[in-house]
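To keep things clear, I will list the structure first and then write my remarks on it.
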Amino acid sequence: MGNDVAMQPRQVVLTGDRPTGRLHLGHYVGSLKNRIDLQERHDCFIMIADTQALSDNFDNPCKVTESIVGVCRDYLAVGIDPTKSTIFIQSMVPELFELTSYYLNLISVARLERNPTVKAELQQKSFADSITAGFLCYPVSQASDITAFKATLVPVGEDQLPLIEIANEIARRFNRIYNRNTLVEAQAALGKTQRLVGIDGKTKACKSLGNAIFLSDSDDVVKQKINGMYTDPNHIKMSDPGTVEGNVVFSYLDAFLEDRDELEDLKARYRKGGLGDTTVKSILADTLHTLLSPIRERMALIKDNDVWDILTSGSAIARGVAANTLSEVRDAIGFGYDKIRK
Ligand code: TRP
């Protein structure tokens, strides 16, 4: 997507992240980079989804609340500009939860249970048999996040597509049942690299699996992580021909090395034999250094107080927008009692 969507007529963009730790390179290529392009031409809302994060961390709220500043600092350091994007905290917009109450009627439990994103998360976590109502229903709350802002574009990783589908189903049902055009459907804006593999090569990079490179990792930590990356187990001597497919170092170079000719040349030399893992890894270390060092420098300059100011004023703006939609939703249902009496 990238530039094509950025060139479309003005859109409302809404996206969010669960605050359960710092953001990593998977977030960067999957969604953050898109947001930076999109904020230049569109109305962008970026939400720190503390309430959603609570749905699987309700017994450890500190993990959520203590991650908020870090996530916002990561946003600001990669180039999300609070004068162009409204950054806010989900729980500071209580209108979202009233919307969720109305939307819960518009979707069946069976439909929620069939959701592939929720299914995959359940498999990864241990509460398969004791799934809470809150967790099963978080896609409904996500539909509130998207529709409250009348978002038309949602920059996310591909794992979020089933959630956007549910939001659109709810929006269509709402408009049909209450006979209005109150809610708007959204389209996903996918990043260039959809699923950045973890440094262990096994699954996608994911903070809960401990296999990600964080935007806030120091150069030394990044190097250590690169050194531990899985390459091609049959590429033992430098002269052996190597395989690029499934080789984690090359997956990262695919995602981050901007010079595509150099990349193709490296791949050809690796396949042929004669290019060592150490060399490829040091090229990746340089590439990530170029990307991450300015981000880290900016991160160090951002003060907690400034972050809270941005979040407080962003949340007030977001609240105003969500309140307008909520009022239309209440009117559509027939709950606009205060207006009837006037
Ligand atoms: N589910 C998203 C995640 O896990 C976070 C999120 C919450 C979100 N509400 C959203 C993303 C609305 C896009 C739109 O990262």
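Predicted model only: the values in this text are computed from it and were never measured. Both ligands and their constituent atoms are indexed starting at 1 by order of listing.
The six-membered or imidazole ring of Tyr252 lies away from that of Phe250, with a centre-to-centre distance of 6.0 Å or more. In this structure, Phe88 has its ring center under 6.0 Å from that of Phe149.
The pair Arg269-Asp265 meets the salt-bridge criterion, since a charged nitrogen lies less than 4.0 angstrom from a carboxylate oxygen.
At a heavy-atom cutoff of 4.0 Å, ligand 1 is surrounded by Leu14, Thr15, Gly16, Arg18, Met47, Ala49, Gln52, Gln142, Asp145, Ile146, Val154, Val156, Gln160.
Using cut-offs of 30° and 60° on the angle between ring planes, the pair Tyr270 and His235 is tilted.
Geometric assessment of Arg18 against the ring of Tyr138 yields a positive cation-pi assignment under the 6.0 Å and 45° thresholds.
Side-chain N/O atoms of Ser315 and Arg319 include no donor and acceptor closer than 3.5 Å.
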